[in-house]
Amino acid sequence: MRGTFCASGMMDVAGTAMRVDLSGALVWDEQRLLVVSDLHLEKGSSYASRGTLLPPFDTVATLRRLEAVIAHYNPGTVIALGDSFHDRDAHTRLTGDDRACIANLQVGRDWIWITGNHDPAPRGIGGEVVDAITIGAISFRHEPTGARGEIAGHLHPKARVATRARTLERRCFVSDGERAVMPAFGAYAGGLSVRDAAFARLFPRRAFIAHVLGDTRLHSIAAARCY
């Protein structure tokens with residue numbers, strides 16, 4: 001699977017070392033914790049119901065990537081950082097195979113669904129549902145507030161970077177060492193440029209690093225070099 005794992009990509013948040021996987025997952029080794037954000041499962045079926053036809057493979061693709069990263073790290077706890085489903089009824093459109101996959105992923109570990117703006121109550125699929133959770137100095141929630149020690153999602157950050165050969169646009173983590181915003185994990189989830197004003201509100205003077213998910217390694221690039 002192209003660019004699935006990055007054993008050496010690291011990012012500090014409020015003095016806590018986190019491992020950044022090229023899939024878009026975050027791993028806190030000390031806590032045996034794996035975090036993913038914005039799965040947006042069943043986005044394809046949601047669009048289809050409104051007349052916009054997308055290939056109906058997003059849920060399968062996303063769950064396969066999630067299955068691979070969980071198998072690699074074998075976490076004791078998984079946190080899904082909100083907008084795990086694209087709308088409040090998306091869980092009812094899961095196939096039996098998709099439900100079985102999620103259930104299998106939950107076996108032998110704690111599973112925490114953090115509520116998002118798309119899925120305020122993803123219930124009936126196992127795991128615990130919370131608005132936010134704090135572990136030590138780190139707080140996990142869906143929408144970022146800019147608080148120190150916060151890891152959030154919601155904004156789907158992406159960065160565009162020019163190289164000698166070409167211009168690349170990829171999903172990324174953004175962090176100034178005190179707080180971080182995670183990229184969307186979902187196969188059909190879009191992205192918001194790190195140059196958007198939404199990031200300037202969280203990181204004054206754009207003093208943050210974009211940890212860009214490359215094909216084989218993580219690229220940590222100052223926001224000023226992104227456009």
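- Follow the hydrophobic side-chain contacts under 4.5 Å out from Met182 and you never reach Phe208; the two are in separate clusters.
- Side-chain contact of Gln31 with Thr77: a donor-acceptor pair under 3.5 Å is absent, judged by distance alone.
- Taking a cutoff of 4.0 Å between a charged side-chain nitrogen and a carboxylate oxygen, Arg93 and Asp87 qualify as a salt bridge.
- The two residues Met11 and Val20 have their closest heavy-atom pair at CB-CG2, 3.8 Å.
- Counting heavy-atom neighbours within 6.0 Å of Glu30 CD, excluding the residue itself, gives a total of 12 or less.
- Linking ILVMFWY residues whenever their side-chain heavy atoms come closer than 4.5 Å, directly or via other members, places Phe185 and Ile102 in the same cluster.
- Considering every non-hydrogen atom in both Val174 and Ala210, the closest pair reads CG1-CA, 4.4 Å.
- Contact annotation: the side chain of Asp58 never approaches that of Leu41 to less than 4.5 Å [non-hydrogen atoms, C-beta and beyond].
- A donor and an acceptor atom, one from each side chain of Asn117 and His154, are located under 3.5 Å apart.
- In this structure, the side chains of Val78 and Ile70 come closer than 4.5 Å at one or more pairs of heavy atoms.
- Note on Val161: it does not cluster hydrophobically with Leu213, by side-chain heavy-atom contacts below 4.5 Å among ILVMFWY residues.
- Between the CZ atom of Arg65 and the CG atom of Asp21 there is a distance of 9.0 Å, given to the nearest 0.5 Å.
- Considering Leu155, Asp83, Leu81, Ile114 as possible partners of Ser37, the one that fulfils the side chain to side chain contact (heavy atoms under 4.5 Å, CB included) test is Leu81.
- At least one side-chain heavy atom of Glu150 sits under 4.5 Å from a side-chain heavy atom of Arg141.
- In terms of heavy-atom proximity, Arg109 sits nearest to Asn74 at NH2-OD1, 3.0 Å.
- You'll find the side chain of Val36 reaches within 4.5 Å of the side chain of Leu34, heavy atoms only.
- Taking the six-membered ring for Trp and the full ring otherwise, His40 and His118 have centroids separated by under 6.0 Å.
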Exercise for review: Evaluate salt bridge (charged side-chain N to carboxylate O under 4.0 Å, His left out) for Asp196 paired with Arg201, printing each intermediate quantity in order.
Suggested key: CA-CA 9 Å; Asp196 191 90; Arg201 289 192 291 270; 5.3 Å; no
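- When side chains are defined from C-beta on, Asp215 counts as touching Arg170, because their heavy atoms get closer than 4.5 Å.
- Here the straight-line distance linking atom OG of Ser139 with atom CD1 of Ile133 works out to 9.5 Å at 0.5 Å rounding.
- In this structure, Glu42 contributes its side chain and Thr92 its backbone to no donor-acceptor pair below 3.5 Å.
- Here the straight-line distance linking atom CZ of Phe140 with atom CD1 of Ile112 works out to 9.0 Å at 0.5 Å rounding.
- Between Phe203 and Phe199, the two ring planes are parallel [angle under 30°; tilted spans 30° to 60°].
- For the pair Trp113/Val130, no side-chain contact is recorded, criterion being any heavy-atom separation below 4.5 Å from C-beta on.
- Residue Leu218 holds its CG atom at 8.0 Å from CZ of Phe173, rounded to the nearest 0.5 Å.
- A donor-acceptor contact shorter than 3.5 Å is absent between the side chain of Asp38 and the backbone of Ala184.
- Cluster membership check: Leu39 does not share its hydrophobic cluster with Leu192, using side-chain heavy-atom separations under 4.5 Å among Ile, Leu, Val, Met, Phe, Trp and Tyr.
- For Tyr73 and Trp28, the distance between ring centers is not under 6.0 angstrom.
- At a threshold of 4.0 Å, the pair Arg179-Asp176 counts as salt-bridged, since one of the basic side-chain nitrogens sits closer than that to a carboxylate oxygen.
- Between Pro75 and Leu33 there is no side-chain heavy-atom pair separated by less than 4.5 Å.
- The shortest non-hydrogen separation linking Lys43 to Ala189 is NZ-CA, 4.2 Å.
- With a 4.5 Å cut-off between side-chain heavy atoms of Ile, Leu, Val, Met, Phe, Trp and Tyr, the cluster of Leu168 takes in none.
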Check your understanding: Could you walk me through whether His211 and His219 pass the side chain to side chain contact (heavy atoms under 4.5 Å, CB included) check?
Key -> CA-CA 6 Å; His211 300 280; His219 305 271; over 6 Å; no
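- Checking side-chain atoms of Arg99 against main-chain N and O of His91 turns up a donor-acceptor pair under 3.5 Å.
- To the nearest 0.5 angstrom, Asp12 atom CG is 12.0 Å from Ile209 atom CD1.
- By the 4.5 Å heavy-atom criterion applied to side chains, Met18 and Ile138 are counted as neighbours.
- In this structure, the separation between NE2 on His142 and CG on Asp131 is 12.0 Å, given to the nearest 0.5 Å.
- For the residue pair Thr95/Asp98, the side-chain donor-acceptor check at 3.5 Å is satisfied.
- Linking ILVMFWY residues whenever their side-chain heavy atoms come closer than 4.5 Å, directly or via other members, leaves Ile221 and Val181 in distinct clusters.
- When all heavy atoms are compared, the tightest approach of Leu22 to Gly214 is CD1-O, 3.6 Å.
- Heavy-atom neighbours of Arg88 CZ from other residues, nucleotides or ligands within 6.0 Å: at or below the threshold of 12.
- Shown here for Ser84 and Ala80, the closest heavy-atom pair between the two residues is OG-CB, 3.3 Å.
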